[in-house]
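Residue numbering restarts at 1 for every chain, and letters A, B, ... go by the order of the sequence lines. From a predicted model like this one, the values you see are computed outputs, not experimental measurements. Below, all heavy atoms of this structure are taken into account, side chains as well, without hydrogens, waters or symmetry copies.
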2 protein chains.
Amino acid sequence: MKLSSKGLYGVQAIFDLAFHAEGRSAQIKDICDRQAIPPRFLEQVFQDLRKAGIVTSKRGPRGGYQLAHAPDRIRVGDIIRALEGPVHLLPSGRNREHAEESSSYQVAQDVFKGLSSNIEGCLDAVTMADMCHRADALGLQRRPPPAYVYAI
Amino acid sequence: MKLSSKGLYGVQAIFDLAFHAEGRSAQIKDICDRQAIPPRFLEQVFQDLRKAGIVTSKRGPRGGYQLAHAPDRIRVGDIIRALEGPVHLLPSGRNREHAEESSSYQVAQDVFKGLSSNIEGCLDAVTMADMCHRADALGLQRRPPPAYVYAI
DNA sequence: GACATTTCCGATGGGTTTAGTCAGCTTACA
DNA sequence: TGTAAGCTGACTAAACCCATCGGAAATGTC
């Protein structure tokens with residue numbers, strides 16, 4: 001049982017936004033430089049995150065992405081669900097229709113449903129604010145984007 | 001985030017063994033009939049379970065599989081680990097070596113390591129005995145294998 | 001208005017994993 | 001010795017993952 005790269009990249013990127021941008025917006029290029037993520041791939045990831053309402057975007061020069069909520073309101077679970085769908089331990093089998101009738105299968109179904117929501121609970125227990133605190137504890141330096149200065 | 005069919009089939013099969021065979025042995029054919037699992041596929045699953053020491057096997061006529069431990073000593077997590085490897089949320093990336101140097105990545109790594117062991121904890125909290133109790137509560141009937149009777 | 005920059009969208013391709021099948025071998029009971 | 005089971009390894013079709021690409025749309029700057 002593992003996470004896809006999309007999920008990891010997503011969490012890294014949102015954390016990056018929370019930690020380095022601090023409410024302002026950042027661009028894909030900069031996030032990828034800091035987090036070592038392929039830029040064209042992160043583009044896709046951000047599309048999903050935008051559709052899920054986790055970030056807002058602005059096009060054009062000096063555009064970029066911005067958190068839609070405060071870091072303590074964004075949970076790891078929100079990101080994972082946006083990128084990989086709900087945690088659902090039951091595989092959507094092909095000839096599972098026949099099995100669904102058997103009450104024997106229902107026991108497994110009940111158990112896995114309970115486990116799924118427990119696991120979601122684990123993921124929802126960690127927020128971006130938590131990750132920022134941990135980063136501070138590690139001594140990680142914030143690199144806020146330079147304030148824009150008009151050319152002379 | 002989802003489970004593979006192998007994991008579900010494995011849990012179903014071990015539960016079936018605990019519930020219907022009750023310490024005795026059962027054959028693939030019978031388990032598959034009760035649980036609606038492709039027989040040749042369950043064969044593979046049982047090989048992994050045997051190598052992990054969760055079941056023992058006996059070949060030849062009137063052979064079959066048998067639990068290696070009491071149902072309250074077999075946890076869902078044991079089965080999942082045997083069939084899908086340890087829960088490890090971090091994808092084993094290709095160019096992740098470069099990223100590992102960045103302490104930014106280390107934050108994500110720490111968080112996911114913690115989450116992984118929490119999730120294992122969820123899976124280890126449910127035993128086969130628990131599933132049997134639940135099945136009893138659902139009114140599921142046990143179908144023990146008929147005691148062998150010598151032909152006249 | 002022209003241009004540069006950045007996000008947005010859809011398609012594509014290589015590689016890996018999954019789910020299931022198959023043929024043939026080994027073991028062991030009767 | 002025949003037959004019923006498990007054991008082993010190879011195989012395949014489909015799905016999925018991880019990007020990468022070309023171009024379109026929006027928007028700030030000159």
Enquirer: Asp48(A) has an atom CG; how far is it from atom C1' of dC9(C), in whole Å?
Expert: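 About 12 Å, once rounded to whole Å.
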Enquirer: Specify the separation, in whole Å, of atom CZ of Arg59(A) and atom P of dT29(D).
Expert: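 Result: 17 Å.
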Enquirer: Within this structure, what is the CG-OG distance for the pair Asp30(A) and Ser25(A), rounded to the nearest 0.5 Å?
Expert: 9.5 Å
Enquirer: Nearest whole Å is fine: how far is dT18(C) P from Glu84(B) CD?
Expert: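 Atom CD in Glu84(B) sits about 8 Å away from atom P in dT18(C).
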Enquirer: Quick one: is dG20(C) close enough that its OP1 or OP2 comes under 4.0 Å of any side-chain N or O from Tyr9(B)?
Expert: yes
Enquirer: Rounded to whole Å, please give me the gap between CD1 in Ile28(A) and C1' in dC21(D).
Expert: 15 Å
Enquirer: When the nearest nucleotide of DNA chain D is assigned to Gly60(A) and to Gly60(B) on a heavy-atom basis, which residue is associated with the more 5' position?
Expert: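 Residue closer to the 5' terminus by nearest nucleotide: Gly60(B).
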Enquirer: For Ser5(B) and dA19(C), is the shortest distance between a side-chain N/O and OP1 or OP2 below 4.0 Å?
Expert: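 Yes.
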Enquirer: Would you confirm whether His20(A), through its side chain, and Arg143(A), through its main-chain N or O, come within 3.5 Å as a donor-acceptor pair?
Expert: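 Indeed, once roles are kept as given, a pair shorter than 3.5 Å links the two residues.
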Enquirer: Under 4.0 Å, heavy atoms only, any strand: does Phe46(B) hit a base, just the sugar-phosphate, or nothing?
Expert: nothing
Enquirer: In whole Å, what is the span from the CD atom of Glu43(B) to the C1' atom of dT8(D)?
Expert: 10 Å
Enquirer: Of the non-hydrogen atoms in Asp130(B) and Ala125(B), which two are nearest, and what is the gap between them?
Expert: OD2-O, 3.6 Å
Enquirer: Taking 4.0 Å as the cut-off, does a side-chain nitrogen or oxygen of Gln47(A) come that near to OP1 or OP2 on dC9(C)?
Expert: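 For Gln47(A), the contact criterion (side-chain N or O under 4.0 Å from OP1 or OP2 of dC9(C)) is met.
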Enquirer: Cation-pi check, Arg50(B) to Tyr65(B): give yes when NZ or CZ is under 6.0 Å from the six-membered ring centre and within 45° of the ring axis, no otherwise.
Expert: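 No, a cation-pi geometry is absent between Arg50(B) and Tyr65(B).
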Enquirer: Suppose we call a contact any N or O donor and acceptor under 3.5 Å apart; does that hold for the side chain of Gln44(A) and the base of dC17(D)?
Expert: no
Enquirer: Taking only N and O in the side chain of Arg50(B), is any of them less than 4.0 Å away from OP1 or OP2 of dC7(D)?
Expert: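 Result: yes.
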Enquirer: Using atom CZ of Arg62(A) as one end and atom P of dA4(C) as the other, report the distance to the nearest whole Å.
Expert: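 In whole Å, dA4(C) P and Arg62(A) CZ are 18 Å from each other.
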Enquirer: Looking at dA4(D), dG20(C), dA5(D), which one has an atom nearest to any side-chain atom of Pro61(B)?
Expert: dA4(D)
Enquirer: At less than 4.0 Å, is any side-chain N or O atom of Ser57(A) found next to OP1 or OP2 of dT6(C)? Yes or no.
Expert: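 So the side chain of Ser57(A) is outside the cut-off, no N or O lying under 4.0 Å from OP1 or OP2 of dT6(C).
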Enquirer: Counting only N and O atoms by type, is there a donor-acceptor contact under 3.5 Å from the side chain of Glu120(A) to the main-chain atoms of Val87(A)?
Expert: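 Yes, Glu120(A) side chain to Val87(A) backbone: donor-acceptor pair under 3.5 Å.
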Enquirer: To the nearest Å, how far apart are Lys2(A) NZ and dT16(C) P?
Expert: 13 Å
Enquirer: Could you state the atom-to-atom distance from CZ of Arg40(B) to C1' of dG20(C) in whole Å?
Expert: 10 Å
